S.K.: 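The following block contains the structure, expressed as structure tokens.
Scope of the values below: all heavy atoms of this structure, side chains included, with no hydrogens, waters or symmetry mates. Model, not experiment: these values are computed from the prediction.
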Amino acid sequence: MTGPRASRAEATRALILAAAERLFAERGVAAVSNRQIGEAAGQGNTAVVGYHFGAKEDLVRAVVRRHTTRIEGLRAEALAATEGSSDVRDWVDCLVRPMTDYLDGLGTPTWFARFHAQLTTEPAYREIVTQESLGSPALLATAEGLDRCLPDLPAEVRLERGDMTRLLMVHGCAARERALAEGAPTPRTTWDATATGLVDALVGLWLAPATAPAATEGDRA
């Protein structure tokens, strides 16, 4: 498809993606129907979402990729500046700032951070986020760089703190985005300052001592 018809189709897809992202962020993915998305996108045809994107999972993936491609570019730039560092903070910064810088560049209001947070809590869609993360060379390289300069921690502690890191990043950004959209006060005045606070917390998390598990009755016997 080329020419005016292709341009109209692309414009319609963009409207659908924007409407879907906003509704998913505000209401949750499972609570939003294709009909509601089509109406919010100003489309009279109730089947328009399925026509352009297929199943809801495909629409969700398209919304994710609408942003992650650009975030990947920012992280690749940060990674190039961080390569060779043995400082945990540098690598945590490389994890956090591409997302906060990207959200800052979108202006206000934004919905992607809240949409992302919704996906991480819905089992039916969490796998999409995981798959996209595994397909991000810059993110994987950043995680490997961080792992190389961490203190000697048990494998289970590393896994646990990795989960904590994702939670803080995803929900910390979502909380600020929601507050900005609602005109509510925020702990930090800018996205840059928010990134600094997240990095401070995550560096502390990764460098915190790991308490050895208490001995069981069998171990003490």
S.K.: Applying side-chain contact (heavy atoms from CB on, under 4.5 Å), name anything that partners Glu77, two or more places apart in sequence or on another chain.
M.R.: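 So Glu77 forms a side-chain contact (heavy atoms from CB on, under 4.5 Å) with Leu74.
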S.K.: Find out if a path of hydrophobic residues (ILVMFWY) with successive side-chain heavy-atom gaps under 4.5 Å connects Leu205 to Val203.
M.R.: yes
S.K.: Donor-acceptor pairs under 3.5 Å, side chain of residues 150-159 to any protein atom, not counting sequence neighbours: which ones?
M.R.:
from: Arg158; atom 1: NH1; to: Asp147; atom 2: O; distance (Å): 3.2
from: Arg158; atom 1: NH1; to: Asp147; atom 2: OD1; distance (Å): 2.4
from: Arg158; atom 1: NH2; to: Pro151; atom 2: O; distance (Å): 2.9

S.K.: Under the side chain to side chain donor-acceptor pair (under 3.5 Å) test, which residues partner Thr120, sequence neighbours left out?
M.R.: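 So Thr120 forms no side chain to side chain donor-acceptor pair (under 3.5 Å) with any residue.
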S.K.: Under the side chain to side chain donor-acceptor pair (under 3.5 Å) rule, collect the residues that match up with Thr121, sequence neighbours excluded.
M.R.: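 Thr121 satisfies side chain to side chain donor-acceptor pair (under 3.5 Å) with no other residue.
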S.K.: Is it the case that more than 12 heavy atoms not belonging to Arg35 sit under 6.0 Å from its CZ atom?
M.R.: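 Counting other residues, nucleotides and ligands, CZ of Arg35 stays at 12 neighbours or fewer.
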S.K.: Can you list the residues that meet the side chain to side chain donor-acceptor pair (under 3.5 Å) rule with Thr186, with sequence neighbours excluded?
M.R.: Arg176
S.K.: May I ask you to decide if Arg61's main-chain N or O and Glu132's side chain share a donor-acceptor pair within less than 3.5 Å?
M.R.: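 A pair under 3.5 Å: no.
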S.K.: Could you label the plane-to-plane angle of the His116 and Phe112 rings as parallel, tilted or perpendicular, counting under 30° as parallel and over 60° as perpendicular?
M.R.: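 It falls in the parallel class, under 30°.
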S.K.: Is there a path of hydrophobic side-chain contacts, each under 4.5 Å between heavy atoms, that joins Leu198 and Trp191?
M.R.: no
S.K.: To the nearest 0.5 angstrom, please state how far the CG atom of Leu180 sits from the OG1 atom of Thr194.
M.R.: 8.0 Å
S.K.: Anything under 3.5 Å between a donor and an acceptor, one on a side chain of residues 92-99, the other on a protein residue two or more places apart or in another chain? List them.
M.R.:
from: Asp93; atom 1: OD1; to: Arg97; atom 2: NE; distance (Å): 2.8
from: Asp93; atom 1: OD2; to: Arg97; atom 2: NE; distance (Å): 3.1
from: Arg97; atom 1: NH1; to: Asp192; atom 2: O; distance (Å): 3.3
from: Arg97; atom 1: NH1; to: Asp192; atom 2: OD1; distance (Å): 2.9
from: Arg97; atom 1: NH2; to: Thr196; atom 2: OG1; distance (Å): 2.8

S.K.: Roughly how far, to the nearest 0.5 Å, is CZ of Arg75 from CG of Leu139?
M.R.: 5.0 Å
S.K.: Distance from Glu72 atom CD to Ser133 atom OG, nearest 0.5 Å?
M.R.: 10.0 Å
S.K.: Can I get a per-line list of side-chain donor-acceptor pairs under 3.5 Å for residues 165-175, giving both atom names and the distance, sequence neighbours left out?
M.R.:
from: Thr165; atom 1: OG1; to: Arg161; atom 2: O; distance (Å): 2.8
from: Thr165; atom 1: OG1; to: Trp206; atom 2: NE1; distance (Å): 3.0
from: Arg166; atom 1: NH2; to: Asp163; atom 2: OD1; distance (Å): 2.3

S.K.: Within the 4.5 Å heavy-atom criterion, are Phe53 and Val63 side-chain neighbours or not?
M.R.: no
S.K.: Tell me, please, which residues at least two apart from Glu127 pass side-chain contact (heavy atoms from CB on, under 4.5 Å).
M.R.: Thr130, Gln131
S.K.: Quick one: pull up CG in Leu79 and CD in Glu83 and give me the separation to the nearest 0.5 Å.
M.R.: 4.5 Å
S.K.: Mind checking side chain to side chain donor-acceptor pair (under 3.5 Å) for Asn34 and listing every partner two or more places apart, or none if nothing turns up?
M.R.: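 Per chain and number, Asn34 pairs via side chain to side chain donor-acceptor pair (under 3.5 Å) with no residue.
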S.K.: Do Arg148 and Trp91 make a side-chain contact, defined as non-hydrogen atoms from C-beta onward lying under 4.5 Å apart?
M.R.: yes
S.K.: With side chains defined as the heavy atoms from C-beta onward, is the minimum distance between Gln36 and Arg27 less than 4.5 Å?
M.R.: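 Yes. Closest side-chain heavy atoms under 4.5 Å.
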S.K.: Can you check whether Val29's main-chain N or O pairs, donor with acceptor, with Glu122's side chain at less than 3.5 Å?
M.R.: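 Yes: the side chain of Glu122 pairs with the backbone of Val29.
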S.K.: Please tell me if the side chains of Tyr125 and Lys56 come closer than 4.5 Å, counting only heavy atoms from C-beta onward.
M.R.: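 Heavy-atom side-chain distance check passes, below 4.5 Å.
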S.K.: Mind jotting down which residue pairs meet the salt bridge (Lys or Arg N to Asp or Glu O under 4.0 Å) criterion with at least one end in residues 196-205? Sequence neighbours excluded, please.
M.R.: Arg89-Asp200
S.K.: Going by salt bridge (Lys or Arg N to Asp or Glu O under 4.0 Å), name the pairs with one or both residues in residues 98-114, residues two or more places apart or in two chains.
M.R.: Arg114-Glu177
S.K.: Using a 4.5 Å cut-off on heavy atoms from C-beta on, say whether the side chain of Phe24 contacts that of Leu59.
M.R.: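 The answer is yes; the side chains approach within 4.5 Å.
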S.K.: Let me check something: any side-chain donor-acceptor pairs from residues 10-20 under 3.5 Å, sequence neighbours excluded? List them with distances.
M.R.:
from: Thr12; atom 1: OG1; to: Arg8; atom 2: O; distance (Å): 3.0
from: Arg13; atom 1: NH1; to: His52; atom 2: O; distance (Å): 2.8

